[in-house]
Amino acid sequence: MAREFQRGHKAKISDLTPGTDLYVGVQIAAPGLTFDISCFGLDAHEQLSDDRYFIFFNQPKSPEESIQLLGAQSGDTESFRVTLDRIPAAIQKLSFTATLDGSGQMSQIGPGYIRIVAGGEEVVRYAFTGSEFTTERAVMLGDFYLKDVWRFAAVGQGFDGGLDALLKNFGGEVAEEEAPPAAAPAAAPGFAPPAQAAAPPAFGAPPAVQAPQPAPSFGAPPAPTPPPAPQQPMHAAPTIAAPLAPQMPQAPQAPSPYGQPHQPHQPQFGQVPGQGAPPAPPFGQQVPAPYGQPAPAPYGQQPPVGMPPGVPQGMPQGVPQGAPATGAGLQAALQPYKEAATGQRWTPQNQQLMRVDLTMGGSGVLARQGSMVMYQGKVDFGYKSAGFVGRAVGNATGQEMQLMRCTGRGQVFLAEEGSHLHPIELQGDAICVSAESVLAFDESLQYEVRRVEGHGIPGGALFTMQFQGTGTVIVKTHGTPVVLPVTPTTFADCNAVVAWSAASQVIVSTQVRLRRNAYPGHSGETVNLQFRGAPGNFIVVQPYEV
């Protein structure tokens, strides 16, 4: 029986079927609208680094035929054959998309789906309708992605820009943007008629005026000068050329206000290697002078990273006013901090910042009050009441969580005091986490207070929160945690342990002995948690004690 997925649901392919030869069918339709259904083969950075893995009507299969476009059949608008064990290692994700060919919006579509069939039996289906979209013209329906093993995720994320927006999102190029450059060669023939020889027409206009100089094929820049020459034969060239010679030696006078000691060295035109013409050396000589460095500096071949006054010799291009004004430098500096959009519901932006896309998944998100640092889109924030019983239990056990509910269509960014954030995806299993270590989680998860039996702690017990179901819980830690397998000899400080698998048996262990009480002082490690369980169980410990 096929599993019915909602937006944001994920599962391992091995949990759906043991096979790797899969049939993927897509059904999408609307009156008067035409759709293009494609598959993008993406690399580890979710980019289309190899155009051969963009599978659509003009390219129906990948080089090794691990992804094939089959066409409409069995009631599906489009279908694919995917052989997972033949996909090359460079391809880490397959994104199945639908885009409108022409005008229209995704809100006009009727009921549709993306499904997976293995061995002739449908194993999973994600159904959607036009009510889930508004003005989008393209939508990512579902993804196969490699995370240790191949998994499937129901996505349902739209793009207003259609196929162009999809291609740009995946790092591809839009073919239409290459059309304008094609017009440039067409303009060249307009200059070709004046040409008198067959060879020079590639350079067009210059040969027309200077027929005796066809050899200088490098003379593309001088080409514009001959037409004005007949119009200004008396003074155009002389008046420009004459002042240039005296102005070049005067260039060293510009740095004098920055550093007079260097003026005697500036007039030398041979300081910059490889520059034979007089104009180039003056620019090279101005580099050290503004910052007043010793004479050896004019040769400055160091990298241009030294904008501060203390490193002037490392700026061979060193006009002080030039470096800060470059836009490319600013973009390069900010590039590492751009928003990361992976098409998933939960996306870490860095170690301390988490992004949740509320447009994916049918449920809202519960987050710690005050953890929102920014959001975009139409997002509603509401108070999440625990009820009288919940507050009483929370106060009694120390596992009370002050939560807010985030709903709507947009993206919310969450963080708290620079803690490291870790998304833990649950697929029907369970995990125990201290309430203090929980930042946010999907509202679809069930959670309750669980007691750890034992002695040695006031009250005779230790409490924690248990999360179970299908969804993601965001755990925060102080520093980078370590995950240890559970063995009969695994102990952890109760103030440092963050989480553990729910199937583990936890016992409070004390090391209070008569000898330790008889003599003053002790190690300070008198109460620990001992973990036991079958292979596969684990604990998460942070390098910090609460």
Side-chain angles (χ1 to χ4, degrees), residues 3-6 8-16 147-149 151-154 344-346 354 356 361-368 384 386-387 389-390 393-394 396-401 403 405 420-454 461-477 481-488 490-492 494 496-508 529-542 546:
R3 291 178 56 178
E4 295 289 340
F5 271 30
Q6 301 295 324
H9 282 188
K10 308 170 186 177
K12 297 178 181 178
I13 297 296
S14 57
D15 292 342
L16 303 174
K147 186 179 178 182
D148 300 329
V149 296
R151 305 166 186 252
F152 175 75
Q344 303 295 328
R345 179 171 169 87
W346 295 92
M354 184 67 60
V356 55
S363 60
V365 168
L366 297 179
R368 187 177 294 273
K384 173 62 177 177
V389 176
V393 173
T397 61
Q399 297 298 308
E400 182 180 11
M401 293 187 293
L403 300 174
R405 187 169 185 263
H420 288 208
L421 306 181
H422 313 275
I424 299 178
E425 181 182 343
L426 301 180
Q427 295 288 347
D429 43 0
I431 188 171
C432 294
V433 188
S434 171
E436 182 63 26
S437 300
V438 177
L439 179 71
F441 55 93
D442 285 320
E443 195 174 19
S444 58
L445 292 175
Q446 296 87 39
Y447 59 98
E448 61 180 355
V449 177
R450 179 178 175 182
R451 185 175 66 177
V452 179
E453 297 293 343
L462 178 70
F463 295 90
T464 185
M465 297 295 299
Q466 177 174 301
F467 293 85
Q468 186 172 9
T470 301
T472 300
V473 56
I474 307 300
V475 175
K476 60 189 184 75
T477 64
V482 62
V483 179
L484 298 175
V486 170
T487 67
T490 301
F491 295 82
C494 60
V497 66
V498 175
W500 61 85
S501 52
S504 301
Q505 181 185 4
V506 186
I507 302 173
V508 177
L529 297 179
Q530 181 180 9
F531 294 85
R532 300 175 181 175
N537 287 283
F538 62 88
I539 63 172
V540 181
V541 181
Q542 63 185 1
V546 178

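Not measured: the values here are computed from a predicted model.
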[atom1]-[atom2] distance between [X] and [Y], expressed to the nearest 0.5 angstrom:
| X | Y | atom1 | atom2 | answer |
| --- | --- | --- | --- | --- |
| Ile431 | Met465 | CD1 | CE | 13.0 Å |
| Thr472 | Leu445 | OG1 | CG | 7.5 Å |
| Lys10 | Asp15 | NZ | CG | 14.5 Å |

For [X] against [Y], the heavy-atom pair lying closest together:
| X | Y | answer |
| --- | --- | --- |
| Ala11 | Leu16 | CB-CD2, 4.3 Å |
| Ser437 | Arg368 | N-NH2, 4.5 Å |
| Val540 | Pro481 | CG1-CB, 3.8 Å |
| Ala440 | Val365 | CB-CG1, 4.3 Å |
| Thr470 | Gly428 | OG1-N, 3.8 Å |

Please tell me if the side chains of [X] and [Y] come closer than 4.5 Å, counting only heavy atoms from C-beta onward.
| X | Y | value |
| --- | --- | --- |
| Leu403 | Phe441 | yes |
| Leu366 | Tyr447 | yes |
| Trp500 | Thr464 | yes |
| His420 | Gln542 | no |
| His422 | Val498 | no |
| Asp429 | Gln468 | no |
| Phe467 | Ile424 | no |
| Ile474 | Trp346 | yes |

Quick one: does any side-chain atom of [X] pair with a main-chain N or O of [Y] as donor and acceptor, under 3.5 Å?
| X | Y | answer |
| --- | --- | --- |
| Arg450 | Ala502 | yes |
| Gln505 | Ala503 | no |
| Lys476 | Glu436 | yes |
| Ser501 | Phe538 | yes |

| request: Output, in order, the C-alpha distance, side-chain angles, deciding distance and verdict of side-chain contact (heavy atoms from CB on, under 4.5 Å) for His9 and Arg3. | output: CA-CA 11 Å; His9 282 188; Arg3 291 178 56 178; over 6 Å; no
| message | Evaluate Ile13 against Val149 for side-chain contact (heavy atoms from CB on, under 4.5 Å), listing each step before the verdict. | response | CA-CA 8 Å; Ile13 297 296; Val149 296; over 6 Å; no
| Can you check side chain to side chain donor-acceptor pair (under 3.5 Å) on Gln446 and Glu448, steps first, answer last? | CA-CA 7 Å; Gln446 296 87 39; Glu448 61 180 355; over 6 Å; no
